[in-house]
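Read through the structure below, which is laid out as structure tokens, and then see the notes.
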Number of protein chains: 2
Amino acid sequence: MPGRARDADATRDDLLAAARRRFAAEGYERTTIRAVAGDVGVDAALVIRYFGSKEGLFTRAADLDLQLPDLTGVRAGELAKVLVDRFFAVWEDDDRFLALLRAAATSEVAAEAMRTVFATQVAPALAAVTDDRAPERAALVGATVLGFALGRYVLRVPPLVDMTRDQAQAWLGPALRHYLLD
Amino acid sequence: MPGRARDADATRDDLLAAARRRFAAEGYERTTIRAVAGDVGVDAALVIRYFGSKEGLFTRAADLDLQLPDLTGVRAGELAKVLVDRFFAVWEDDDRFLALLRAAATSEVAAEAMRTVFATQVAPALAAVTDDRAPERAALVGATVLGFALGRYVLRVPPLVDMTRDQAQAWLGPALRHYLLD
DNA sequence: GCCAGCTGTCAACAGTCGATGACATAGGCT
DNA sequence: AGCCTATGTCATCGACTGTTGACAGCTGGC
């Protein structure tokens, strides 16, 4: 019980949290297993034992659950607000999203993971409010929020960084509404 | 004159072209100087002699000139078409943009270069057609096209990949118009 | 014809990385 | 208490990286 108890599950969780921070801040290639292990105060070999490989660690660290609500019956005027709220929550509560976004630019595995998020989470949720061309609409909504997140969290373009959640909602709302309903 | 003439300028150009292809396809970290040199059939040390370092090579390879036209007096209905046309040209005529986009996700140098493109090319061009909140509007237009490019060329989201230039224009047009004029 | 300098090569270094397998230690169960 | 397994460490391997300095060969000007 003194200091670190020998609790494999807790160590695994710590490693995943550290991996998320590193992947989100530095991308896939610049993140080293040694650094992640060091953050937790553990040997790098343990990471390999627990997750098999660096790719295995990433896959486990960056699995993303958007938890999009059921949009059936949501009024058109409320749609964008609900979506933007949810995306902001995903972006800022956890490092998973940023880890996935940064890595997706250079890793085919991560890009595939991102496509899967689109296909299994975004598209089905939006299908409830669009009657035609659902895949295109979902892709355009995704591109919109990805572009915003890229500019705000990765490129750090000043006007996007300084924007409040409400301002972002006011700007993105009509665009999302257009992609979903026009 | 047989085979490769000993022409330093031509070799430099070949190296830059090869570097653009590699950076665009694999990102900054996965691109090795040895591979770029190998593509041209030259020793890796020569790359260092010509460009100083890997970062120097990247900077020279990924300098981007959008050549945005003067938008003064362009009718509101034509604005989006002009912009989308120009961006498609930049995306598909050269690998510079993709190299910069991919690298910007993991390299602070590349992110800074991207911010500079925003500040010195996009924002001034758009300032001609917006009267207030020009920086925000420019940033949102940038985020829109970046998000689209990310989905289409990097993540390869099927609906975006399959979209024709005209379809993209039809979808993006109203969104850009909103960001610029509303 | 020959030398000087531009163009390019070669070998190597110093560091880092992911991954492996042998080894140590702690702690619960009997 | 004593053992057995889960947990974690250590040393090391082999490959690859950016970068450097010494060297080689071609070519144009005197």
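Sequence lines set the chain letters: A, B, ... in the order given, protein chains first and strands last, and positions in each chain run from 1.
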Nucleotide N/O to protein N/O under 3.5 Å, stretch nucleotides 20-26 of chain D:
unit_1 : atom_1 : unit_2 : atom_2 : d
D:dG25 : N2     : B:R6   : NH1    : 2.8

**Prompt:** Where is the tightest heavy-atom contact between A:I33 and A:A44, given as atom of each residue plus distance?
**Reply:**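 Of all heavy-atom pairs spanning A:I33 and A:A44, the closest is CG2-O, 3.7 Å.
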
Distance, rounded to the nearest Å, where [X] contributes [atom1] and [N] contributes [atom2]:
X: B:F58; N: D:dT17; atom1: CZ; atom2: P; answer: 18 Å
X: A:F51; N: C:dA19; atom1: CZ; atom2: P; answer: 13 Å
X: A:R30; N: D:dC16; atom1: CZ; atom2: C1'; answer: 17 Å
X: B:E29; N: D:dT17; atom1: CD; atom2: C1'; answer: 13 Å
X: A:R12; N: D:dT7; atom1: CZ; atom2: P; answer: 7 Å
X: A:I33; N: C:dC17; atom1: CD1; atom2: C1'; answer: 9 Å

For B:E108, is there an ion pair with B:R115 - N to carboxylate O distance below 4.0 angstrom?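 The answer is yes: the pair qualifies as a salt bridge.
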
- Decide, yes or no, whether a salt bridge links B:E78 with B:K81 under the criterion of side-chain N to carboxylate O below 4.0 Å.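 Salt bridge: no.
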
Requested in this report: Please work out if A:L46 contacts a base, only the sugar-phosphate, or nothing of the nucleic acid, heavy-atom cut-off 4.0 Å.
Outcome: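 A:L46: base contact, heavy atoms under 4.0 Å.
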
Should the heavy atoms of other residues, nucleotides or ligands under 6.0 Å from CZ of A:R60 be counted, would the total exceed 12?
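It does not: A:R60 CZ has 12 such atoms or fewer within range.
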
- Atom CG of B:L172 and atom CG of B:L83: how far apart are they, to the nearest 0.5 Å?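 Between B:L172 CG and B:L83 CG, I get 10.5 Å after rounding to 0.5 Å.
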
field: Residues touching DNA chain C, which here means a heavy atom under 4.0 Å, drawn from residues 100-114 of chain A
entry: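 Contacts with DNA chain C under 4.0 Å: none.
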
| query | Counting just side-chain N and O atoms, does A:Y50 come under 4.0 Å of either OP1 or OP2 of D:dG8? | reply |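 Yes.
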
Look at A:T11 and D:dT7 and indicate whether a side-chain polar atom (N or O) is within less than 4.0 Å of OP1 or OP2.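 A:T11 to D:dT7 OP1/OP2: no side-chain N or O under 4.0 Å.
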
Could you write out each protein N or O paired with an N or O of nucleotides 12-16 of chain C at a distance under 3.5 Å?
unit_1 : atom_1 : unit_2 : atom_2 : d
C:dA12 : N6     : B:R34  : NH2    : 3.3

Sequence neighbours excluded and cut-off under 3.5 Å, please list the side-chain donor-acceptor pairs for residues 121-135 of chain A, or say none.
unit_1 : atom_1 : unit_2 : atom_2 : d
A:Q121 : OE1    : A:L66  : N      : 2.7
A:Q121 : NE2    : A:L64  : O      : 2.9
A:T130 : OG1    : A:L126 : O      : 3.4
A:D132 : OD1    : A:R137 : NH2    : 3.0

Per the side-chain hydrogen bond (donor to acceptor under 3.5 Å, both in side chains) rule, what does the pair list look like for residues 34-59 of chain A, sequence neighbours excluded?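 For residues 34-59 of chain A, and leaving out neighbouring residues, the side-chain hydrogen bond (donor to acceptor under 3.5 Å, both in side chains) pairs sorted by first residue read A:R22-A:D39.
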
- Message: When you compare the side chains of B:D166 and B:T164, does any donor N or O come within less than 3.5 Å of an acceptor on the partner?
- Response: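 Result is no, nothing qualifies.
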
- Task: With the side chain counted from C-beta on, respond yes when A:F51 and A:R12 share a heavy-atom pair under 4.5 Å apart, and no when they do not.
- Result: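 Counting from C-beta outward, A:F51 and A:R12 do come under 4.5 Å.
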
Fill in: side chain to side chain contact (heavy atoms under 4.5 Å, CB included) partners for A:A99, two or more places apart
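In terms of side chain to side chain contact (heavy atoms under 4.5 Å, CB included), with neighbours along the sequence ignored, A:A99 is linked to A:F23, A:A24.
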
inquiry  = With a 3.5 Å distance limit and no angle check, can you tell me whether A:R20 reaches the backbone of A:R96 through a side-chain donor-acceptor pair?
reply    =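 Looks like no, no N/O pair under 3.5 Å.
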
